[in-house]
Amino acid sequence: MQQNNTSHNDFYFQWHITDRCNLKCSHCYQSDYSYSSELSFEELKSIADKINHALTVWKKEGRIAITGGEPFIRKDLFDLLHYLEQQPAIKKIGILTNGTLIKEHVNSLKDITKIYYIQMSLEGRREKNDEIRGKGVFDKVIENTNLLKDVEIPVRWMVTLHKNNMDEAPHIIDLALNNNVDVLTFERLIPTGTGKSMKDMLLTPTDLSKVYKHIVERSDEEYSKGSSLAILKFRTLWVLTDSKRAEMDAQTPLQKEVGAACSIGVDSLCVLPDATVLPCRRLPIPIGNLKSDSIFKIWYTSDLLWKIRNKKSLKGKCNGCEFVPRCGGCRAMAYAVTGDYLAEDPQCWR
Amino acid sequence: MLEVKESEILRIAEQYVLYKLDVNDGLFWLFDVQEGTCFNLNETSFFILSCFDGKTSTSEILQKFLSRYPDEDPEKVSNDFKEIVETLKKRNVLI
């Protein structure tokens, strides 16, 4: 028998430590914001140990994003961050936050040496953003972005694109440049959770194509000017904006790359506040629970993960598509729209 | 000396899970869900392991195995089988 190690160098865990949130954004993938499912700190440590153990066995470098709900609501957040810092296989820690509760914690964040970014969500200029996320949120995100930058903590902004804010994309890029944001990502609305009611706000394939192409053009333009802003396009469908870039190699600058295959079943897992494991936060099909299952059992025995890993099981346009290595469509989007996570990506414009 | 008892009924230990992926000619794995390791198998090993269901005797499985190689020397095939089973027993994959 030949022992096999997986080939990717790192592994990503998105760990939702609470469902509580001080905001109620209209597109949120959550529909429950209660406290009831949260784990105790001892239970959180146990899960951190499992994650560290799995990464160690697999010889992977762990990237872990702590999020919620709103992670800064948990009073033991920094206890957890300090505990994660001690785990040798966890190399990088990110925090995904709505950006409204950071101010008093900026100096404490400086002390967490493994933090490699704080990601805040932004949906547009002040009026549009606050329409979606709540009054006053825009100003807090801008303020806290600048506070973090002042202490040299990298900042990412994430935008969730839909019909209501697609015209904001160029302005968000301008805002990111003006506020020295390090990384900007544009995600597609997945109509799940509270966002389920926004199915009619999904961009049409044509509109998505236009927005994505504009973003790629802007990204190239800013890169050519020497801007340090990286507009990440490592998600499904981006490769369709410029298929020639599918041939790019490891030397290609981050800002020029487009497209990436879905990481479900490859190098990522999502953990919810009650330790339920999902293939991806936006694909709400449980595949195990870390209170009772080992990561290994989930990773190796989940039928869902195996079906998604086998690209021959993809349906419709995704089946046999030449861009599967850099795309494969979004399984969460397929599931949210059709009920079948193997269906073609409904926003593909090929 | 080979220790395989043909009347024995064996099964795969609970910490191991077999998996076959139907791509190309098939990919075969044995996962240790306790230790987190995985082993590439060839089709022969996969076939043998998949027969040990905790109900079928080793001799019955050997007969199934022999029937896959009608043109081969039965003694060689039997010895190959017993060697594989013995290895799996020693590693506590088969119990």
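Letters A, B, ... are given to chains in the order of the sequence lines, protein chains preceding strands, and every chain is numbered from 1.
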S.K.: Does some side-chain heavy atom of B:V33 sit less than 4.5 Å from a side-chain heavy atom of A:Y300?
M.R.: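 Yes, their side chains come closer than 4.5 Å.
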S.K.: Just wondering, are more than 12 heavy atoms of other shown residues or ligands nearer than 6.0 Å to NZ in A:K297?
M.R.: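 No.
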S.K.: Roughly how far, to the nearest 0.5 Å, is the SG atom of B:C38 from the CH2 atom of A:W58?
M.R.: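 One finds 9.5 Å between CH2 of A:W58 and SG of B:C38.
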S.K.: Suppose we screen for side-chain hydrogen bond (donor to acceptor under 3.5 Å, both in side chains). Which residues come up paired with B:S59, at least two apart in sequence or across chains?
M.R.: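 B:S59: side-chain hydrogen bond (donor to acceptor under 3.5 Å, both in side chains) contacts with B:S57.
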S.K.: Suppose a student defines contact as a heavy atom less than 4.5 Å from any heavy atom of chain B. Which residues in residues 305-316 of chain A would they list?
M.R.: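 If one takes a 4.5 Å heavy-atom cut-off, the residues of residues 305-316 of chain A near chain B are A:W306, A:N310, A:K312.
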S.K.: For A:Q87, give me all partners under side-chain hydrogen bond (donor to acceptor under 3.5 Å, both in side chains), at least two apart in sequence or on another chain.
M.R.: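 Applying side-chain hydrogen bond (donor to acceptor under 3.5 Å, both in side chains) to A:Q87 gives none.
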S.K.: Identify which part of B:Q34 has an atom lying under 4.5 Å from any heavy atom of chain A, answering side chain, backbone, both or neither.
M.R.: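 Contact with chain A is through the backbone of B:Q34 alone.
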S.K.: How long is the gap from CD on B:E35 to NE2 on A:H53, to the nearest 0.5 Å?
M.R.: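 If I round to the nearest 0.5 Å, the distance is 6.5 Å.
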S.K.: Does A:R235 have more than 12 heavy atoms from other residues, nucleotides or ligands lying within 6.0 Å of its CZ?
M.R.: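 Not more than 12 within 6.0 Å, no.
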S.K.: With sequence neighbours left out, what residues match B:K76 under side chain to side chain contact (heavy atoms under 4.5 Å, CB included)?
M.R.: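 Here the qualifying residues are B:D73, B:D80.
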